[in-house]
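Residue numbers begin at 1 in each chain, while the letters A, B, ... track the order of the sequences. Computation of the quantities below employed the complete heavy-atom set of this structure, encompassing side-chain atoms and omitting hydrogens, waters and symmetry-equivalent molecules. All figures in this text were calculated on a predicted structure; none of them were measured in a lab.
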There are 2 protein chains.
Amino acid sequence: MMKSVFKALNDSSRREILEILRLGDATAGEISDRFNMSKPSISHHLDLLRQADLVSSKKKGQFVVYSINLLALDETISWFQMFKPESIAEKPRIRIPLSQY
Amino acid sequence: MMKSVFKALNDSSRREILEILRLGDATAGEISDRFNMSKPSISHHLDLLRQADLVSSKKKGQFVVYSINLLALDETISWFQMFKPESIAEKPRIRIPLSQY
DNA sequence: TATTTAATTAGTTATTTGTATAATTAAACA
DNA sequence: TGTTTAATTATACAAATAACTAATTAAATA
C-alpha cells in the first residue's frame, strides 16, 4: 500500500538503509554499524521498511538478514506513472528481434 | 530535493490534491471545496507540495491557480531507478524510424 | 472608499514520530 | 547449563506534524 511506502520513505535513515541494501543483503547488526544510532532505533526503522514491503527479512541462525524488495519499488514507480499523461515514452515498448540490428 | 518530496507525499490529502491537479489546473478554493477540511489547512498542504516542487502556483487576479509539476514527478521516478539493477528495460530506448513498421 | 471574496499567515493544540534506555527473546557455544 | 551475542519489544519523551480558529493581505466591485 502506498500509504506505508511513503511513510517509510519519509526518513533519511530509512532511505539510507535502502541504499545500503541496494548493494547487497545485510544483517540488522551490519546495518546498524553504519549509523550513529542505537540498535533498537535501527530495528524500528527496519520494521517500518518491512511494513511497507520495501525490504524482507529472514532469520539465519542468530542473525536476521535483510534484503531490498525490488518488486515493491517497481510498484511505487507504477504509482507515479499514473500522473504522467499518455506519451510515446510510456506506451508498451515495441520489441524488435535482435537479428534486425 | 527528495527529502521534501517524500515529506510532501507522506499525507493522503496531499496525494489526493495531486490526483485532482493531474486532471487539470485548479484554484486553491476549487481544491479546498473537494475536502472536508478548512481552507487554511489546504493552503498549508499546497505550500508543502510547492516546497517539494510537485506543484506550481500562479496568481490570477484574486485567485491562485495551482498546477501539477510533471517534471518533478519524473525526477522522483529517476530516484527510484537508482535501486533497479541494470536491465534491458532501463537502457536508453533504441528508436526505430517509423518507416520501418 | 467601504465591503466582499480568495487566500495566506499566525498561533494553538492533539497526535504522530524518531530516538533513547531497559528488558526480553532466541541462538551459539564453552 | 550458564554466558555471550544478535536482535527485538517495551516504555518514555522531545520534536515534528496536521488540524483548527482568528487575523491579515490583496484583489474585485458596489
Is there a side-chain polar atom (N or O) of [X] under 4.0 Å from OP1 or OP2 of [N]?
X	N	answer
B:Ser38	D:dA19	no
A:Ser41	C:dT19	no
B:Tyr66	C:dT8	yes

Between [atom2] of [N] and [atom1] of [X], the distance in whole Å:
X	N	atom1	atom2	value
B:Gln51	C:dT8	CD	P	13 Å
B:Glu16	D:dA18	CD	P	15 Å
A:Leu48	D:dT8	CG	P	12 Å
A:Leu49	D:dT8	CG	P	12 Å
A:Asp47	C:dG18	CG	P	12 Å
A:Lys7	D:dA16	NZ	P	18 Å
A:His44	D:dA10	NE2	P	12 Å
A:Asn10	D:dA15	CG	P	19 Å

- [ ] Determine the contact category for B:Phe35: base if any of its heavy atoms lies under 4.0 Å from a base atom, sugar-phosphate if only primed atoms, P, OP1 or OP2 are that close, otherwise nothing.
- [x] nothing
Open item on the list: Mind checking if B:Thr27 touches a base, just sugar-phosphate, or nothing, with heavy atoms under 4.0 Å?
Closed with: sugar-phosphate
Nearest to the side chain of [X] - [options]?
X	options	value
A:Asp11	C:dT17, C:dT19, D:dT8	C:dT19
A:Ser13	D:dA7, C:dA7, C:dT19	C:dT19
B:His45	D:dA18, C:dT21, C:dT19	D:dA18

Task: Cluster overlap A:Leu71 with B:Ile77, hydrophobic side-chain contacts below 4.5 Å - done: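 They do not share one cluster, since no chain of ILVMFWY contacts under 4.5 Å joins A:Leu71 to B:Ile77.
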TODO: Give a yes or no on whether A:Leu48 and A:Tyr66 share a hydrophobic cluster (residues Ile, Leu, Val, Met, Phe, Trp, Tyr; joining criterion: side-chain heavy atoms under 4.5 Å apart).
DONE: no
- [ ] Step through the shown structure and confirm whether more than 12 heavy atoms of other residues, nucleotides or ligands are within 6.0 Å of CE on B:Met82.
- [x]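 Above 12, so yes.
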TODO: Take B:Met37 and B:Ser13, measure what side chain to side chain contact (heavy atoms under 4.5 Å, CB included) needs, and give me the verdict at the end.
DONE: CA-CA 10 Å; B:Met37 194 182 287; B:Ser13 299; 3.4 Å; yes
Open item on the list: So, using side-chain contact (heavy atoms from CB on, under 4.5 Å) as the criterion, who are the partners of B:Phe63 when residues are at least two apart?
Closed with: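 side-chain contact (heavy atoms from CB on, under 4.5 Å) list for B:Phe63, sorted by chain: B:Thr27.
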- [ ] Could you give me the CA-CA distance, side-chain angles and deciding distance for B:Phe35 and B:His45, then say whether side chain to side chain contact (heavy atoms under 4.5 Å, CB included) is met?
- [x] CA-CA 12 Å; B:Phe35 292 85; B:His45 286 313; over 6 Å; no
Task: Check: B:Glu75 and B:Val5 side chains under 4.5 Å, non-hydrogen atoms - done: no
Could you go over nucleotides 10-15 of chain C and give all protein N or O partners under 3.5 Å, atom names and distances?
none

Open item on the list: Any side-chain to backbone donor/acceptor pair from B:Asn10 onto A:Asn10? Under 3.5 Å, distance only.
Closed with: no
- [ ] Using heavy atoms to find the nearest nucleotide of DNA chain D for A:Glu30 and B:Lys39 separately, return the residue whose nucleotide is more 5′.
- [x] A:Glu30
TODO: Run the salt-bridge test on B:Asp25 and B:Lys58 with the 4.0 Å N-O cut-off and return the result as yes or no.
DONE: no
Task: Mutual orientation of the aromatic rings belonging to A:Phe6 and A:Trp79 [parallel < 30°, tilted 30-60°, perpendicular > 60°] - done: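 Rings of A:Phe6 and A:Trp79: perpendicular, as their planes differ by over 60°.
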N/O contacts under 3.5 Å, protein versus nucleotides 27-30 of chain C?
residue, atom, partner, partner atom, Å
C:dA27, O3', A:Gln62, N, 3.4

